[in-house]
Amino acid sequence: MSVLRPLDKLPGLNTATILLVGTEDALLQQLADAMLKEDCASELKVHLAKSLPLPSSVTRPRIDLIMFVVNLHSKYSLRNVEESLHHVDATFFLGKVGFLATGAGRESHCSVHRNTVVKLAHTYRSPLLFCDLEVEGFRATMAQRLVRMLQICAGHVPGLSALNLLSLLRSSENPSLEDL
Amino acid sequence: MQRSSQEFSRGHISAKEMDETVAEFFKRTILKIPMAEMMTILKAWDFLSENQLQTVNFRQRKESLVQDLVLLCEKKRASLNDAAILDIVYTQFHRHQKVWDVFRMSREPGEDIDLFDMEQFKRSFKKILQRALKNVTISFRDAEENAVWIRIAWGSQYRKPNQYRPVYVVYYSQTPYAFTSSSQLRSNIPLLGQALTIASKHHQIMKMDLRSRYLDSLKAIVFKQYNQTFETHNSTTPLHERSLGLDINMDSRIIHENRIEKERVQRVTQETFGYYPQPRLEFAQYKLETKFKSDLNGGILAEREEPLRCLIKFSSPHLLEALKALAPAGIADAPLSPLLTCIPNKGMNYFKIRDK
């Protein structure tokens, strides 16, 4: 079965690869462009996929971080992410997976409840970020955050690992999450 | 009104010669025109000469400009019909302010058609309406492609025509199609249809399930001209650059894992929608009267015998382009439902769907 594993390949020299998974190609493409605009000491690579599993015929570098993008306006995009999650090995969820929810700003268009993605992220013990990817300013800020996260997950930041980052992010989480 | 030759020689025509309501109509019509378009529209109207227009100061405040223009019209003894023509010109420049319906006429099969005579059509049309309604204002303005714009202000037995709620008809004489502006006063539409049918020597008229603000798009759909390079006032990028996704100028550091699927979606979309810009519609409406079908066994709705009545409306500033962008954007699967893609082909954007 083509399940993604975090350490099944050797890392590329100074390379950090992020995989963005989501149905809305246009948004992913824009986010990728925004990330590549960032000044970064590491060589960045962005892979865009509609869903998992990935086609096996392609050779790809080691994936350092997976971001699952859910559009709150679309139940289809949520379902797509939920199904894709089955194709990720459990060891990825030690800091190398994140969820990104877009569309929260336009509440009237939301068909997925905010709590649904909160629960999903909680189930997978991974950080959840909210960002309206359609807004350029927000997108640029999110791109910055993702680049930093990616560098950490790729091991390019001395003294900080993906697992460290995960526990750092978790301790600042809203305590009401535990009540869910 | 008769004028004595003395009045003429005096060169004095009092402003009171023009009917008050006509003067008011002139004023309101000219007032509608945006300042930026004033010269263009007045020139297109072609009632006031170049010289006369030069005597007016176009830089003053609009209210004063309008007063001057109305005075000029009065001096030139402009009639109600002249005002109506100006109204037509204004509407031609602002056709998007109206919502247009489409009518199709037909003849009996095997009927011999004489050559179309525009003047005879106009006479006949006018006669039919005036015979039925004593008070009605009808004006014509010829347009290109053998079309004629007709403006009708309705009155009744006891009331003079209301010049501020006219109906416009654009009839393409070499075709069985006419476009009418939707109006609230719907009671006169059957009469209008009748007049149009008889005057153009047809036998039947029926209303198509097609409606939009964009008259030119309706034309393109109905005359099947949309699959050529189609002039829209809002598209400036050349065809080949206006690709469906954002895959132009792609960074080589971005890799699409599902490239093959993306290409398939692009191909299917191009096959369905073509390379040309789509005609512009604002909505598509589907009235469903079908029994509820569900994959899940049971459920409250599944048990019902009666059809489920449901109205689905898709709205967009440019519906067909939006539909075209759905699959490449990942919001829908390709190919799209034929109910959506058949719109320009079938010339419909109102559908009634019943179980077979």
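Order of the sequence lines sets the chain letters (A, B, ...), proteins ahead of strands, with each chain counted from 1. What you are looking at is a predicted structure, and each value in this text was computed from that prediction instead of being measured.
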- Note on the structure: With sequence neighbours left out, the residues meeting side-chain hydrogen bond (donor to acceptor under 3.5 Å, both in side chains) with R309(B) are none
Under 4.5 Å from any heavy atom of chain B - which part of [X]:
| X | result |
| --- | --- |
| T23(A) | both |
| T17(A) | neither |
| L44(A) | backbone |

- Query: Do Y286(B) and Y350(B) have their ring centres less than 6.0 Å from each other?
  - Reply: no
- Query: Are Y168(B) and F179(B) close enough that their ring centres sit under 6.0 Å apart?
  - Reply: no
- Separation of N80(A) CG from E24(A) CD (nearest 0.5 Å): 10.0 Å
